[in-house]
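Before any comments, here is the structure.
Atoms considered below: every heavy atom in the structure, side chains included; atoms not considered: hydrogens, waters and symmetry mates. Order of the sequence lines fixes the chain letters, A, B, ..., with proteins taken first and strands second; residue numbering starts at 1 for each chain.
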Amino acid sequence: MVHEVTLRASNPTVQSLVGAWLAESRLAIPRSVALVIDVAPLPEPVEDSRAVFQAGRVAIRTRGVTENAVLDWGPGLGHAVIEPGSTKARVTVTEAALARPNEFLRSFVLNVCILLVRRVGLHHVHGATLRDPLDRGWLLVGTSGSGKSTTTALLARHGWGMGTDDCAFLVTGSRPSTTDVVAWRERLALRDDAHTPFDHDGGTPLAARGKTGWFAEELGATWVPRVTPAVVGFTSVSANGRSSATSIRASDALSRVMQCSPWVALEADVADEHLGLMAQLVEQAQCFRFELGRDLFSRPELLLELIE
Amino acid sequence: MTMLYSRHPDLRVTAVDGEGVVLHLGSRQYFSVNETGVTILDALKQPSSIAELVVAVTDHYDVSADAAEQSVRRFLALCNESKLLHVEER
């Protein structure tokens, strides 16, 4: 049985918009979670003294799954509540919010989904997932602008399988004592002014983001929904144009994964599970600091040579 | 009167390859600690005096009690600065 993020929206436009986006994500989860979305004026704000976790323009207040989680997208655009122990989020958005579909989906609803799927064992990390020609799983972790997407696009064009260029989830592995990484499927997005090793023909313009996007298949790659990483790389752009790989200690790798998976500190009662998955990940994989240069454009196989 | 030290309840310590990363869920800060730090933090699961922490270190490492005490005091001071400890009197 396929489990998914189920959706019930009172507004047909929202049902269609969010429904298509969720269907596209093909997120595999161990049991279903639910989104219920209404378009209506937001409820009156309630005093809430809990610490705020700020994700872009979304303010998140939660201390654990045994109390409610509240997300506010603002000012005055959206409000969501997940009741204690529940895997259902009740979301309210205003008419004005619907004029910003990209932010509505990729910031507000995505953050609601990230919190929901934590309750069924998926823990978000900013990372790209790939499968190399030797059938090994890769996770490239890094902040925006660190070269993840360009490198993922390049490798996808050269025979690697790809899952995502940014939105991934740590889960208990399908083999004993492993952590797997599940991809949220969406278009790999490159800035229109980005220097890339290929032209942007065939991509879909993502006007609101100033980017062009491709699904894996549009890059000639196979979409890979899940990998067991044997290589974890922390990416940055090389200043001198030359690529390099430096092996790093597991504890250093753990700190770096935490930096790109800040939800770990959000809810005490699931933090142990999240930390356990991270620790397993950095122990099962070879961990590297990658400086990514333009020499990869002409010789993508260099990345494999650098880790040998 | 003896001071007893224990880990703040919001602290999570994850050890990999002997070293560790400490996450404070309240402040959302995290820190790397060395192998000795992991040993002391492990002992701090229970309220412990400095003398008890010194024993925990000398049980694990071939160091003198004086050197271990210096390490323990230094480590506790660092932890205190970052509000990682609960301190009580016995």
Heavy-atom pair of closest approach, residues [X] and [Y]:
X        : Y        : answer
A/Ala250 : B/Val16  : C-CG2, 3.7 Å
B/Glu19  : A/Ser251 : OE1-OG, 2.7 Å
A/Ala51  : B/Arg28  : O-NH2, 4.1 Å
B/Ala15  : A/Glu283 : O-OE2, 4.3 Å
A/Val264 : B/Leu25  : O-CD2, 3.9 Å

Checklist line | A/Arg90 atom CZ, over 12 foreign heavy atoms within 6.0 Å | finding: no
Checklist line | Within 6.0 angstrom of B/His24 NE2, more than 12 heavy atoms from elsewhere | finding: yes
Tell me, side chain or backbone of [X] under 4.5 Å from chain B's heavy atoms, or both, or neither?
X        : answer
A/Glu267 : neither
A/Ala271 : side chain
A/Arg63  : neither

Checklist line | Contact check, side chains of B/Thr14 and A/Met278, non-hydrogen atoms, under 4.5 Å | finding: no
Margin query: Rounded to the nearest 0.5 Å, what separates atom CG in A/Asp272 from atom CG in B/Leu23?
Written below: 9.5 Å
